[in-house]
Amino acid sequence: MELDLEPLRLPSDNERPFVIAGPCSAETEEQVMTTAFQLASKGCHNFRAGVWKPRTKPGGFEGNGEKALPWLRRVKNETGMLVATEVATPEHAELAMKYDIDILWIGARTSANPFAMQALAEALRGVDIPVFVKNPVNPDLELWIGALERLNQAGIKRLGAIHRGFSSYDKKIYRNLPMWQIPIELRRRIPSLPIMNDPSHIGGRRELIAPLCQQAMDLGFDGLMVESHHSPDEAWSDAKQQVTPDVLDYILSLLVIRDEKVSTEGIHELRKQIDELDNQLMELLAKRMRVCREIGTYKKEHNMTVLQPTRYNEILDKRGAQGALWQMDTDFVKAVFEAVHQESVRQQMEIINK
């Protein structure tokens with residue numbers, strides 16, 4: 001799949017990563033300008049701040065709206081940085097254009113709604129401005145791509161994606177699960193699309209920002225969008241996930257940026273081994289499915305149900321523990337065997353229903 005794209009042309013000291021930084025919310029003019037001047041002094045070229053803030057529940061700070069847009073224009077005029085904000089409705093987009101906002105992004109709640117995306121695409125038709133689309137709240141790659149396609153079909157060619165993680169009932173470490181395989185698949189499907197990482201929303205805690213930034217660079221992401229506030233603990237929204245400009249500068253200074261263009265000749269033999277092992281895996285899976293079909297025939301002949309919960313739980317527990325002994329993540333091993341079991345059930349259902 002390919003979109004009709006043009007280079008984003010965002011300023012950066014290095015080819016990778018380009019960074020967009022600034023507070024979660026534009027709270028006051030003083031807060032915006034103080035943070036902006038501190039970021040500019042650290043070499044930041046692209047400033048972000050939320051003007052309209054969709055909150056999960058009513059009663060929280062939902063942004064200053066149009067009142068804050070002149071503050072961003074002042075940042076642009078007095079620091080030379082490009083300025084960015086989130087838009088969720090055609091009215092937001094029109095106001096952003098009125099106040100000379102340089103970069104727009106579309107949030108996770110909006111990208112999940114095709115009606116909202118189409119309305120925004122129509123509002124931006126004919127406008128030459130970089131637009132980034134955050135992944136939808138739920139892990140739906142097709143929905144993410146669909147949001148990008150709607151904008152592209154409206155003539156927006158300077159497009160990018162922002163990986164901000166995916167909502168989950170089981171929070172564990174992260175505020176939003178990274179599920180790195182989804183942006184990796186997006187890169188495979190649309191190789192020319194720049195992809196940024198949003199470690200603030202994935203981590204939800206400032207101590208997780210540095211390792212998430214490095215992981216994004218190790219995976220070849222093009223840029224970072226990081227929430228930075230001159231006094232994070234006093235922030236009106238998402239205080240725990242914001243860092244000071246000084247801390248952000250330190251995090252960025254420690255990043256190891258790996259060369260994406262180095263020859264792979266040195267790992268050619270290792271990749272040949274991987275290919276051979278993958279072939280063996282496929283042969284073993286085929287043998288396993290053959291046995292599963294035999295079990296399906298037995299169950300049909302003896303009028304047994306396909307799903308046997310006790311046996312299924314036994315497999316997950318046993319293989320999860322086994323994987324941990326072999327330095328594999330328990331959740332990864334369980335996910336593999338859940339997928340294998342799902343295919344086994346599908347094949348047995350075909351036999352039962354013949």
Counting only heavy atoms not in [X], do more than 12 fall under 6.0 Å of its [atom1]?
X	atom1	answer
Phe61	CZ	yes
Glu78	CD	yes
Asn279	CG	yes
Met349	CE	no
Gln280	CD	yes
Glu30	CD	no

Regarding [X] and [Y], do their side chains bring together a donor and an acceptor under 3.5 Å, going by distance alone?
X	Y	result
Asp218	Gln214	yes
Glu343	Gln347	yes
Gln342	Glu338	no

Does the plane of the ring in Phe221 sit parallel, tilted or perpendicular to the ring in His163? Use 30° and 60° as the thresholds. tilted
A side-chain contact here means heavy atoms from C-beta on lying under 4.5 Å apart; do [X] and [Y] qualify?
X	Y	value
Arg74	Glu29	yes
Met225	Phe132	no
Glu149	Leu159	no

Once you round to the nearest 0.5 Å, how far does [atom1] of [X] lie from [atom2] of [Y]?
X	Y	atom1	atom2	result
Thr85	Asp102	OG1	CG	11.5 Å
Leu248	Gln242	CG	CD	11.5 Å
Glu91	Leu120	CD	CG	11.5 Å
Ile295	Gln348	CD1	CD	6.0 Å

Residues which pass side chain to side chain donor-acceptor pair (under 3.5 Å) with Asn135, listed by chain and number, not counting sequence neighbours: none
Using the salt bridge (Lys or Arg N to Asp or Glu O under 4.0 Å) rule, take Arg109 and Glu86 through it: C-alpha gap first, then chi angles, then the decisive distance, then the call. CA-CA 11 Å; Arg109 292 177 175 88; Glu86 177 181 351; over 6 Å; no
After noting the C-alpha distance and the side-chain angles of Glu185 and Gln181, does the key distance pass the side chain to side chain donor-acceptor pair (under 3.5 Å) rule? CA-CA 6 Å; Glu185 176 62 12; Gln181 69 273 19; over 6 Å; no
Locate the shortest heavy-atom distance separating [X] from [Y]; write the atom from each residue and the value.
X	Y	value
Ala112	Val137	CB-N, 4.4 Å
Val127	Met97	CG1-SD, 3.5 Å
Pro194	Asp222	CA-OD2, 3.3 Å
Thr330	Gly320	OG1-O, 3.7 Å

Among Leu255, Leu252, Asn46, which residue meets the side-chain contact (heavy atoms from CB on, under 4.5 Å) test with Val19?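 Single pass found, and it is Leu252.
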Phe47-Trp71 aromatic ring centre distance below 6.0 Å: no
Can you list the steps and then say if Gln322 with Arg319 is a side chain to side chain donor-acceptor pair (under 3.5 Å)? CA-CA 5 Å; Gln322 189 177 19; Arg319 299 309 172 196; 2.6 Å; yes
Under the side chain to side chain contact (heavy atoms under 4.5 Å, CB included) rule, collect the residues that match up with Asp317, sequence neighbours excluded. Lys334
